[in-house]
There are 2 protein chains.
Amino acid sequence: MKTINVGLIGLGTVGGGVVRILQEHHDDFVRDQDIDLNLVAVASRGSAEAERLGLMDIFSTDGYDVVNHPDVDVVIELVGGVTHARDFVVAALEKGKSVVTANKALIAAYGRELMLLARDRGAEIAFEASVGGGIPIIGPLRHTLAGNRILSVVGIVNGTTNYMLTRMNDDALEYGAALAEAQAKGFAEADPTADVEGHDAAAKIAILATIAFNTDVSIEQVSTEGISSLSPIDLNYAREMGYAIKLLAIAKRTGEGIDIRVHPAMLPLEHPLSSVQGVFNAIYVVGDAVGETMFFGEGAGAGAAASSVLGDLIEVGRHLAYRESITQPIWDTENLPIKPILELETSYYLRLPVPDRSGVLAATAQVFAEQGVSIFSMVQRGAQDGTAELIYVTHAAKESAVRATLEGIEATGLLTGTPVLIRLEGAKS
Amino acid sequence: MKTINVGLIGLGTVGGGVVRILQEHHDDFVRDQDIDLNLVAVASRGSAEAERLGLMDIFSTDGYDVVNHPDVDVVIELVGGVTHARDFVVAALEKGKSVVTANKALIAAYGRELMLLARDRGAEIAFEASVGGGIPIIGPLRHTLAGNRILSVVGIVNGTTNYMLTRMNDDALEYGAALAEAQAKGFAEADPTADVEGHDAAAKIAILATIAFNTDVSIEQVSTEGISSLSPIDLNYAREMGYAIKLLAIAKRTGEGIDIRVHPAMLPLEHPLSSVQGVFNAIYVVGDAVGETMFFGEGAGAGAAASSVLGDLIEVGRHLAYRESITQPIWDTENLPIKPILELETSYYLRLPVPDRSGVLAATAQVFAEQGVSIFSMVQRGAQDGTAELIYVTHAAKESAVRATLEGIEATGLLTGTPVLIRLEGAKS
């Protein structure tokens, strides 16, 4: 039985969860995994949590005391952000110490650089917790599914927005009310931008695409739209047509390159992702051999993230303890191009607020025809205030043509409000 | 880049799928995994498939030619059954050659013996494909979720019966008709016993329980009931009450030991397993840190199983190529007792065919009272032919008391047909 000395930077909720597992399950890991995981150094800004956890004898307010601690074999980085966190991780890897992190922003921005540095120094960097909280997804993609050519990865990877959409769908809450409720329940930050505008999901799909396709994808390359323009009306219309609306993070291998994007999408109700409710996450993976698979679980929370951190720690620890060579740092062996969003071909839902009078329908339909966008279905709903709504669902069409259609319709000056565009995902129509 | 020489015994549909992946993706594995997987020997009874795949130069009808081939590093066993398969696997491990197998019967019956032999000889035996086809579940349980104390594993692990139950539910097909359709579509064998009586599911849950709880569970210890007594009537009543009926394979860690069983169960419609349709499989895992997770995918088919075989082959191959020590052969580090099914406490659905006359309801209710089984709900449905059906749902009760109740009711001589008992799973009532 070998001992692995662990250093931890960051004692927030996840850090606390990691410490509690190391304390409660230490003997289980000795018995079942044949390694003694020994916490020898912790650091965080404040000492309150360290006191609560009885760690004051190994506590410091300086992360470098953990990185530079002579006995530390593995550094767990739970600081978050990309400035200090990056400095700590680079410093640890430079010393040949392996790193376990839950930091999606760091991996999405600097994953390649860190992987290469790790390989250079014969160290390892593991980040299962950076995507999908406790859901095993990086491990399965890198190992169990390694026999496949992965064709697509489509995920509900942001619990905040999925909770909001669930409430907007189930109880017709307006966007603002759903956000306020999510904030009240602690599911959304005071500044919810990263979640509701899709940036959090974009970082996660960049990481998943990189692992699934062995090609370097950075967050800037992900075409990203959030949910702030959605209203319960749209979820209601979608449901009537047999669809759920979810904020999807999508990455597909296509002939023209990687199609990667984050946006609200209509999904047939029978699709496995449609039934993912509330703060849960799920990642749907299609491989050429395995076919459809889906991984479901808690995408956030101290326990879930700590579970993935421990899984990585045990694997890295066993590699170190039993002199296993470092696993192949797959990052960009394939180097695929990114497909521009304007080249996307799918079906589209468009909701157009218009005046309730004759000729309007014909005028809008005319614009679709001009742009060669063929219509799958159209419904007109009258309102009391003399306005109406036209709900168009198109056949598969090019994003560029649909955007041109929308501009053409706006140019008619007929719109009485902001139109809504939602892309369809998962076939049907 | 290292070369791993692979031998394959068994060229059925899965074997053919494995060969095709090795041929089509050979260069991908070189690039992405840094190993050259080189098929040097194959064996099967007939040579037709070997000819189709252009393997005649390395073909033999004798599995031992593969096991004993001097260059073979890893043996893939796809023979099935527990006699020849066991001999081949033991012979390979004896020689210190690692083994990848999809053979659930073999692992459920001899897993412990084979694991210990492998450790003895510094070899590895991998069996991701033995449960859930292409669904990554053994890997996640052994690695990504290793930080958890696993509390329960509940799975829909038999595609044949899930297809039949889906058809019985969606189109009110009778059991016989559903079976005939499954056989016509190739989802069920000519002799369907292993599937419909739950033996296939029992082997799979024995393996999952062993991995999840680090305790040796053999198929004989799994209390097993099949679906042959079910009728669309029951699925219909269940749906009205907000439940789906699925053939569940259940393993739970309890204070009194491992609660492990396979039987048709009622599951609240909102439970993630309830929406698993047709031949798909899903495994629902609860861990103390991760909370709820679910793994979904194709449980059968050449591609799905081949995907898992390749995942194992790549991992074992990388261990060999890069001198990684063998992963801990966790099999029975914990040694937990099995909880007898009579000790089970849950809610029960009972459908009692009775004569449609006064006093019958009271007489049956009296028996519940005598056995101290308290009733959650009761519905009586009259039929045209003077008979009626009493549908009881109980509060949580001991299996022993419920069986005594059923015997007591049979003793009244009131039953006009065979009663149906279905256990509830996943809470509600």
Side-chain angles (χ1 to χ4, degrees), chain A residues 17 21 24-25 28-29 31-34 128 133-140 143-149 214 270 272 275 277 280 282 287-298 301 303-304 306-315 318-319 322-328 330 333-334, chain B residues 17 21 24-25 28-29 31-34 128 133-140 143-149 214 270 272 275 277 280 282 287-298 301 303-304 306-315 318-319 322-328 330 333-334:
Chain A
I21 295 176
E24 290 167 14
H25 289 334
D28 299 330
F29 301 146
R31 182 192 57 233
D32 300 336
Q33 303 290 341
D34 202 22
E128 179 67 65
I135 303 170
I137 182 62
I138 307 278
H143 301 300
T144 326
L145 297 176
N148 289 259
R149 163 154 297 221
N214 300 303
E270 53 278 16
S275 50
Q277 304 297 327
F280 280 96
D288 63 348
V290 73
E292 303 175 68
T293 57
M294 189 174 81
F295 304 80
F296 166 93
E298 295 182 18
S307 167
S308 290
V309 169
L310 260 293
D312 280 345
L313 178 62
I314 289 166
E315 199 158 7
R318 284 192 47 84
H319 288 173
Y322 299 100
R323 311 196 36 269
E324 297 179 4
S325 77
I326 303 310
T327 10
Q328 171 86 331
I330 301 153
T333 51
E334 293 197 31
Chain B
I21 295 176
E24 291 168 14
H25 290 334
D28 298 330
F29 302 145
R31 182 193 56 233
D32 299 336
Q33 303 290 339
D34 203 25
E128 178 67 65
I135 303 170
I137 182 63
I138 308 280
H143 300 300
T144 328
L145 297 176
N148 289 260
R149 161 152 298 219
N214 300 303
E270 52 277 16
S275 50
Q277 304 297 326
F280 280 96
D288 63 348
V290 73
E292 302 175 67
T293 57
M294 189 173 81
F295 304 80
F296 166 94
E298 294 181 17
S307 166
S308 291
V309 169
L310 260 293
D312 280 345
L313 178 61
I314 289 166
E315 199 158 6
R318 284 193 46 84
H319 288 174
Y322 300 99
R323 309 196 40 269
E324 296 179 7
S325 77
I326 301 311
T327 11
Q328 170 86 330
I330 302 152
T333 51
E334 291 199 33

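Chain letters run A, B, ... following the sequence lines, proteins first and then strands; every chain starts at 1.
- Both the backbone and the side chain of B/Phe295 have a heavy atom closer than 4.5 Å to some heavy atom of chain A.
- Neither the backbone nor the side chain of B/Asp312 comes within contact range of chain A; no heavy atom of the residue lies under 4.5 Å from a heavy atom of that chain.
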Report task. Show your reasoning for whether side chain to side chain contact (heavy atoms under 4.5 Å, CB included) applies to B/Arg318 and A/His143. Result -> CA-CA 10 Å; B/Arg318 284 193 46 84; A/His143 301 300; over 6 Å; no
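- Both the backbone and the side chain of B/Ala146 have a heavy atom closer than 4.5 Å to some heavy atom of chain A.
- Here the closest non-hydrogen pair linking A/Pro272 and A/Met294 is CB-SD, 3.6 Å.
- For a residue to count as touching a neighbouring chain, one of its non-hydrogen atoms must lie under 4.5 Å from one of that chain's; by this rule B/Glu128 touches chain A with the side chain only.
- For the pair A/Gly134 and B/Val290, the tightest heavy-atom approach, listed with the atom from each and the gap, is O-CG2, 3.2 Å.
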Query - Step-by-step ring-ring contact (aromatic ring centres under 6.0 Å, His included) determination, B/Phe296 to A/Phe296 - result: CA-CA 8 Å; B/Phe296 166 94; A/Phe296 166 93; over 10 Å; no
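- Between chain B and the options A/Gly301, A/Ala306, A/Gly303, heavy-atom pairs under 4.5 Å are most frequent for A/Gly303.
- Residues B/Gly147 and A/Leu310 come closest through the heavy atom pair CA-CB, 3.8 Å.
- Between A/Thr293 atom OG1 and B/Ile137 atom CD1 the span is 12.0 Å, to the nearest 0.5 Å.
- Between chain B and the options A/Ile21, A/Ile135, A/Leu145, heavy-atom pairs under 4.5 Å are most frequent for A/Leu145.
- For the atom pair CZ of B/Phe280 and CD of B/Glu298, the computed distance is 5.0 Å after rounding to the nearest 0.5 Å.
- Between chain B and the residues A/Leu313, A/Ile138, A/Asp288, the largest count of heavy-atom pairs under 4.5 Å involves A/Asp288.
- Listed options A/Ser307, A/Gly297, A/Ala282 were ranked by heavy-atom pairs under 4.5 angstrom with chain B; first place goes to A/Ser307.
- With chain B as partner, the option from A/Gly17, A/Gly311, A/Ser308 having the largest number of non-hydrogen pairs under 4.5 angstrom is A/Gly311.
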